[in-house]
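What follows is a single structure, written as structure tokens, with notes after it.
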Amino acid sequence: METVISMDPFNAMEGDEAATRLDKAVLPLVRTHPAESGVATLSDGRDAFAARVLLADAAERSVDAQYYLWRSDKTGTLLFDALYRAAERGVRVRLLLDDNNTTGQDDLLAALNAHPNIEVRLFNPFRFRRWRALGYLTDFARLNRRMHNKVFIADNEATIVGGRNIGDEYFDAGDSPWFIDLDVLAVGQIVKEVASDFERYWESQSAWRADRVLTAVDRTAIAKLVTAASQVRHNPAAQTYIRALAKRPFVDELLAGRLSLEWADTRLVSDDPAKGLGRAAGDMLLWPQLQREVGEPKRELELVSPYFVPTKTGMALFTDSVMRGVRISVLTNSLEATDVAVVHAGYAKWRKLLLKAGVRLFELKRLSSPPTVRDRGLTGHSASSLHAKIISVDRARIFIGSLNFDPRSATFNTEMGFVINSPRLAGAVADALAEDLSGRLYKVSLNDAGALQWEEQRGGKRLTHAKEPDAGFWRRTLVLVMSMLPIEWLL
């Protein structure tokens, strides 16, 4: 069932002077769908960025943001500035960041935290701010556990959850490396669950107040952020991006009250934040929750994961499902497209066994190669890469969130996401992936001799490769060596 969400502040409930703009837009719809949530997928990076800025600008009570990574680049600076502007209007802003990627941001975060309406907390922070590697030497068991969640909540009325961190590559901004990703904008019942989950993390032992970790900075230091945001806005490349945002259909639909929502039973699955200290009980972890919510596939399982390391446990699940007649398709990054080659090594060692078990494997090609992008091996960015995390079961239920299908997500990192019971949405997302990416994939298979081969369609012709395409000798050798090492549990 579809409806539209109105962002028109004049469509107000009479007599409710305390209601915010978002309240007035959402509550009438929620009342007609008391047991469901309204969801809209954000597959376009510019729509995903615009949605966050619009929610921050529309908020009147609160903005809560929880992210694994928030860069100080063009989009990151503009979103930091949006939080600051909200705080200046009197909105309470809370920012919970994993500390693994905050290098060079201490002064900025301390300045934001000094604002009377902004509070910053850091998840599993490094005590050694300058020489962080020392932290891994002295406190590896804790620092190896990271918060991978991605959450944005405005006025506890609307939320965005999914795969995107905050940075240019996630929002298709400029010439930087970019990701194919997916978020969900949601209103209704599910927002209360997300807000409650944010509170769990905010109050957890792993979430440290910024003033316990960062050196105090005078509030006037916030002027650096305002200046940086102004410089971004006046940058010609940024102006082009901002103008393009204003032309996005999503923005027009949101502001004009024409945004289509799918109303469906939507469930939040989320790790207990105690996982950040290695103290979460097994039944409080995301993976068993996810298995309960999506159920056992009966006909079809489609899995999209940028980092795919099945392990023996996953192999057993796949093999059992195929033997029961379930058609399983997996889409992940090719070696040329992945931004973390070491994780690809954890996948490559399982390919032949997966194919022999009857699993269909597809790998995303690198779509472009800007000359400014350099491949840095284990940690470098490629020109384009899959980053969405999706599980579709029987085209009836779909998971969209932060969870990668690898040991790190299952064991060390905290993760979250939505399970949406919607055949229309599950089918639409699966079909869109198949249609949009049909010419951008390698189909991996075994030849008559039992060796791996990669098939693609190019220029109307079918090409077959005997080696991982366009990866280079040394990159292939690196993956081969890494696949032999006993490090799968860390990937």
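The analysis underlying the following values was restricted to heavy atoms, covering all of them including side chains, and did not include hydrogens, waters or symmetry mates.
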- Message: Checking ring pair (Phe, Tyr, Trp, His ring centres under 6.0 Å) between Phe405 and each of Phe399, Phe318, Tyr347, which is the one that passes?
- Response: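 Going through Phe399, Phe318, Tyr347 one by one, the ring pair (Phe, Tyr, Trp, His ring centres under 6.0 Å) with Phe405 is satisfied by Phe318 alone.
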Exercise for review: For Arg92, check side-chain contact (heavy atoms from CB on, under 4.5 Å) against everything at least two apart and list the hits.
Suggested key: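 Checked Arg92 against side-chain contact (heavy atoms from CB on, under 4.5 Å); matches are Ser62, Asp64, Arg94.
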Point to revise | Residues forming a side-chain contact (heavy atoms from CB on, under 4.5 Å) with Lys192, sequence neighbours excluded | key: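 Scan of Lys192 (side-chain contact (heavy atoms from CB on, under 4.5 Å), adjacent residues dropped) gives Gln189.
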request  = Evaluate the side chain to side chain donor-acceptor pair (under 3.5 Å) criterion for residues Glu456 and His465: first the C-alpha distance (whole Å), next the side-chain angles of each, then the deciding distance (0.1 Å), finally the verdict.
outcome  = CA-CA 8 Å; Glu456 65 166 319; His465 306 272; 2.7 Å; yes
Closest heavy-atom contact between [X] and [Y]?
| X | Y | answer |
| --- | --- | --- |
| Ala173 | Thr75 | CB-CG2, 3.8 Å |
| Pro310 | Leu354 | CG-CD1, 4.1 Å |
| Ala56 | Ala82 | CB-CB, 4.0 Å |
| Asn144 | Arg408 | OD1-NH2, 2.6 Å |
| Arg351 | Leu361 | CG-CD1, 3.8 Å |
| Pro407 | Val309 | CD-CB, 3.6 Å |

Item to complete: Start with the C-alpha distance between Glu415 and Tyr68, add both sets of side-chain angles, then the distance that settles side chain to side chain donor-acceptor pair (under 3.5 Å), and finish with yes or no.
Response: CA-CA 10 Å; Glu415 308 283 357; Tyr68 170 67; over 6 Å; no
Distance col, row Asn149:CG vs Met416:CE, nearest 0.5 angstrom, shows 6.0 Å
So CD1 of Ile420 and CD1 of Ile398: to nearest 0.5 Å the spacing works out to 6.5 Å
Near [X] [atom1], under 6.0 Å, is it more than 12 heavy atoms from other residues, nucleotides or ligands?
| X | atom1 | result |
| --- | --- | --- |
| Gln205 | CD | no |
| Lys349 | NZ | yes |
| Arg209 | CZ | no |
| Arg89 | CZ | yes |

Is there a side-chain contact between [X] and [Y] (heavy atoms, below 4.5 Å)?
| X | Y | value |
| --- | --- | --- |
| Asp98 | Leu69 | no |
| Thr266 | Val184 | no |
| Leu112 | Leu83 | no |
| Leu331 | Leu303 | no |

Residue set satisfying salt bridge (charged side-chain N to carboxylate O under 4.0 Å, His left out) with Asp197, at least two apart, ordered chain then number -> Arg200
Quick one: list whatever passes salt bridge (charged side-chain N to carboxylate O under 4.0 Å, His left out) with Asp73, sequence neighbours left out.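 Salt bridge (charged side-chain N to carboxylate O under 4.0 Å, His left out) list for Asp73, sorted by chain: empty.
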Original post:
When you look at His344 and Glu468, which way does the side chain to side chain donor-acceptor pair (under 3.5 Å) test go after all the steps?
Top reply: CA-CA 12 Å; His344 189 85; Glu468 302 210 54; 3.2 Å; yes
[X] (side chain) donor-acceptor with [Y] (main chain) under 3.5 angstrom:
| X | Y | value |
| --- | --- | --- |
| Arg145 | Thr411 | yes |
| Asn333 | Thr338 | no |
| Asp99 | Asn124 | no |
| Arg397 | Ile391 | no |
| Asp271 | Leu286 | yes |

Parallel under 30°, tilted from 30 to 60°, perpendicular over 60°: which one fits the rings of Phe152 and Tyr67?
tilted
Residues pairing under side-chain hydrogen bond (donor to acceptor under 3.5 Å, both in side chains) where one sits in residues 152-165, two or more places apart or in two chains, turn out to be Thr20-Asp155, Lys150-Asn165, Arg164-Asp183, Asn165-Tyr170
Assess the side chains of [X] and [Y]: does a donor N or O sit below 3.5 Å from an acceptor N or O?
| X | Y | value |
| --- | --- | --- |
| Asp272 | Tyr201 | no |
| Glu169 | His387 | no |
| Arg132 | Thr102 | yes |

For this session: Begin from the C-alpha positions of Asp107 and Lys224 and carry the test salt bridge (charged side-chain N to carboxylate O under 4.0 Å, His left out) through to its verdict.
Result: CA-CA 10 Å; Asp107 287 348; Lys224 293 181 180 179; 5.0 Å; no
Suppose we screen for side-chain hydrogen bond (donor to acceptor under 3.5 Å, both in side chains). Which residues come up paired with Ser37, at least two apart in sequence or across chains?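 Partners of Ser37 by the side-chain hydrogen bond (donor to acceptor under 3.5 Å, both in side chains) criterion come out as none, since no residue qualifies.
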task = Could you walk me through whether Arg71 and Asp168 pass the salt bridge (charged side-chain N to carboxylate O under 4.0 Å, His left out) test, one step at a time?
result = CA-CA 8 Å; Arg71 298 197 190 282; Asp168 289 355; over 6 Å; no
Report the C-alpha separation of Asn413 and His148 in whole Å, then their side-chain angles, then the decisive distance to 0.1 Å, and conclude whether the side chain to side chain donor-acceptor pair (under 3.5 Å) test is met.
CA-CA 6 Å; Asn413 292 348; His148 198 233; 5.0 Å; no
**Asked** Are the charged groups of Arg366 and Asp470 less than 4.0 angstrom apart, N to O?
**Response**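 Judged by the 4.0 Å cut-off on N to carboxylate O distance, Arg366 and Asp470 do not form a salt bridge.
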